[in-house]
Amino acid sequence: MDLPASLLHPARAPLAPALRVLRLCLHLLMAGLLALAALRADSAAGTVLALVTGAVYAAGSYLPSVRESQRAAAVWLGALGVSWLAMLCLTPEALWVAFPLYFLQLHLLPVRWSLPAVTLTAVAAILSYVGHGAALNPGVFIGPLLGAAVAVATVLGYQALYRESERRRRLIEELIATRAELAAAERHAGTLAERERLAREIHDTLAQGLSSIQLLLRAAERALPPGSPAAGHIDRARQAAQDNLAEARRFVRALSPPDLEHGSLAAALERLCEPGVGDYGPAAGPYGPGAGPRVRFSVSGTPVELPTPYEVALLRIAQSALANTVRHAAASRAEITLSFMDASVTLDVVDDGTGFEPGSVRPSSDGGFGLPAMRSRAESLGGTFTVESAPGQGTAVAVSLPLPAGV
């Protein structure tokens, strides 16, 4: 089973201070038990095998191939196990080395290999103890088996804790990334809202004022007697007002929503109906991520070029109505219809959702566009806004704006 850093191999990944201490303790435990076996061996061969086992262990701790390859680690564990078994045949003291071997096998081998290896190591320790003439008693079996159980529980418990820690770390990273994305989205939404507000203010105040000044200057020019010396000044003033009105209108166009920068209102509304394109807020709504109602767009009548404030208002109302459909209506279908008539332009957004009682609607608590905000947009341009709905019968939102003279 792979771990971020083995107790034995520091090069696999950076170790936390606690893991470095555990690794050092494992090295000291192995060295101490091998030294004990070497000192208490009944023959020189037992001492030599203890030293050989120690050399094999030390080599595995520092060989790059053992650190980088699970196959090499398995071969090294096999060599270490063979030398330990040979030592077991000569001295019963070698059975205590089984305990650090448990940890090595559990850390370096997959579970399907490590558990059988730990079991065989415990059995070898018990048989060695019995083979050296020790009296049979429960401790002969309980000691190695209990040590194996403690090692398995410790290592597998640590691995479970590590996986949980990694899962939480990834979750925290995702939350931080999501928070950054939300902050960027809020900044972008705030920028768009401010652009729209400035566009409306320029259109409703500066542009309208300059247009009125032009009309007044035209009236004054017509009222002057022929040859009046003031005619030239009035004409220049009217031309300056006209130039500034054109500049104000350019400002309004530049501050319009990006959806309208490179196409008509109809094209922007059609893009709004494409899956995953609409600016609907929390688009998952009751459907789950990536789901939502099927939306169809149609145009009725002969399209005409609308003033920028009209296009902005109709686009934003359509976005707001679709946002409500996605978030609240649990609808399977919705339809947007843009109708051009002789004296007005009408936008209808209809869905087959759960519906509601229009009289019970309150202003949106999350700061989004609710029905009152849509109504305010329509009425600010001299239009009308109506909502028809009932529980279980879907919802129809309609806004009608009078076409200005000359359109």
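Numbers for residues simply follow the sequence, beginning at 1.
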Those residues that, when tested against [X], pass side chain to side chain contact (heavy atoms under 4.5 Å, CB included) (two or more places apart):
X: A79; result: V56
X: Q242; result: Q214, R238, Q239
X: R236; result: H233
X: R170; result: E166, R167

Side-chain contact test, heavy atoms from C-beta onward, threshold under 4.5 Å: evaluate it for [X] versus [Y] and give yes or no.
X: V155; Y: Y102; value: no
X: V97; Y: Y57; value: no
X: M87; Y: L34; value: yes
X: V295; Y: T325; value: no
X: T354; Y: H328; value: no

> With L269, which of V299, V349, L347 fulfils side chain to side chain contact (heavy atoms under 4.5 Å, CB included)?
Replying inline: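 Output: one option passes, namely L347.
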
Closest approach of [X] to [Y] (non-hydrogen atoms, all atoms of both residues):
X: I336; Y: L322; answer: CD1-CD1, 3.6 Å
X: P293; Y: R333; answer: CB-N, 4.0 Å
X: L265; Y: E311; answer: CD1-O, 3.6 Å
X: S332; Y: D352; answer: OG-OD2, 2.7 Å

>> Just to verify, what does R218 make a side-chain hydrogen bond (donor to acceptor under 3.5 Å, both in side chains) with, not counting sequence neighbours?
In response: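 side-chain hydrogen bond (donor to acceptor under 3.5 Å, both in side chains) check on R218 returns nothing, list empty.
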
> Considering residues at least two apart in sequence or located in another chain, which fulfil the side-chain hydrogen bond (donor to acceptor under 3.5 Å, both in side chains) criterion with S298?
Replying inline: T337

Table please: side-chain donor-acceptor pairs of residues 142-149 below 3.5 Å, with sequence neighbours left out.
none

Look up atom [atom1] in [X] and atom [atom2] in [Y], then write down how far apart they are to the nearest 0.5 Å.
X: I317; Y: Q319; atom1: CD1; atom2: CD; answer: 11.0 Å
X: F99; Y: L29; atom1: CZ; atom2: CG; answer: 7.0 Å
X: L217; Y: R222; atom1: CG; atom2: CZ; answer: 11.0 Å
X: E335; Y: C273; atom1: CD; atom2: SG; answer: 9.0 Å
X: L338; Y: L306; atom1: CG; atom2: CG; answer: 7.5 Å

For residues 172-181, dump all side-chain donor-acceptor pairs below 3.5 Å to protein atoms at least two apart in sequence or in another chain.
unit_1	atom_1	unit_2	atom_2	d
E173	OE2	R169	NH1	2.7
T178	OG1	E174	O	2.8

> Under the 3.5 angstrom rule, does the side chain of N324 hit a backbone N or O of A329 as a donor-acceptor pair?
Replying inline: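 No.
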
> Do side-chain atoms of R375 reach the backbone of F385 as a donor and acceptor pair under 3.5 angstrom?
Replying inline: yes

Show me the donor-acceptor pairs within less than 3.5 Å that the side chains of residues 115-127 make with the rest of the protein, sequence neighbours left out.
unit_1	atom_1	unit_2	atom_2	d
T119	OG1	L115	O	2.9
T121	OG1	Q105	OE1	3.4
T121	OG1	Q105	NE2	2.9
T121	OG1	A117	O	2.8

Give every donor-acceptor pair under 3.5 Å between a side-chain atom in residues 390-403 and any protein atom, sequence neighbours left out.
unit_1	atom_1	unit_2	atom_2	d
T395	OG1	S389	OG	3.0

> Do any pairs count as a side chain to side chain donor-acceptor pair (under 3.5 Å) and have a residue in residues 44-56, sequence neighbours left out, and if so which ones?
Replying inline: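 Qualifying pairs: T53-S83.
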
>> Could you go through M30 and L104, starting from their C-alpha distance and side-chain angles, then the distance that decides it, and tell me whether this counts as side-chain contact (heavy atoms from CB on, under 4.5 Å)?
In response: CA-CA 11 Å; M30 178 64 82; L104 294 176; 4.1 Å; yes

> Partners of F297 by ring pair (Phe, Tyr, Trp, His ring centres under 6.0 Å), sequence neighbours excluded?
Replying inline: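 Partners of F297 under the ring pair (Phe, Tyr, Trp, His ring centres under 6.0 Å) test: none.
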
> For R377 and V312, what are the C-alpha separation, side-chain angles and deciding distance, and is it a side-chain contact (heavy atoms from CB on, under 4.5 Å)?
Replying inline: CA-CA 10 Å; R377 258 189 201 277; V312 172; 4.2 Å; yes

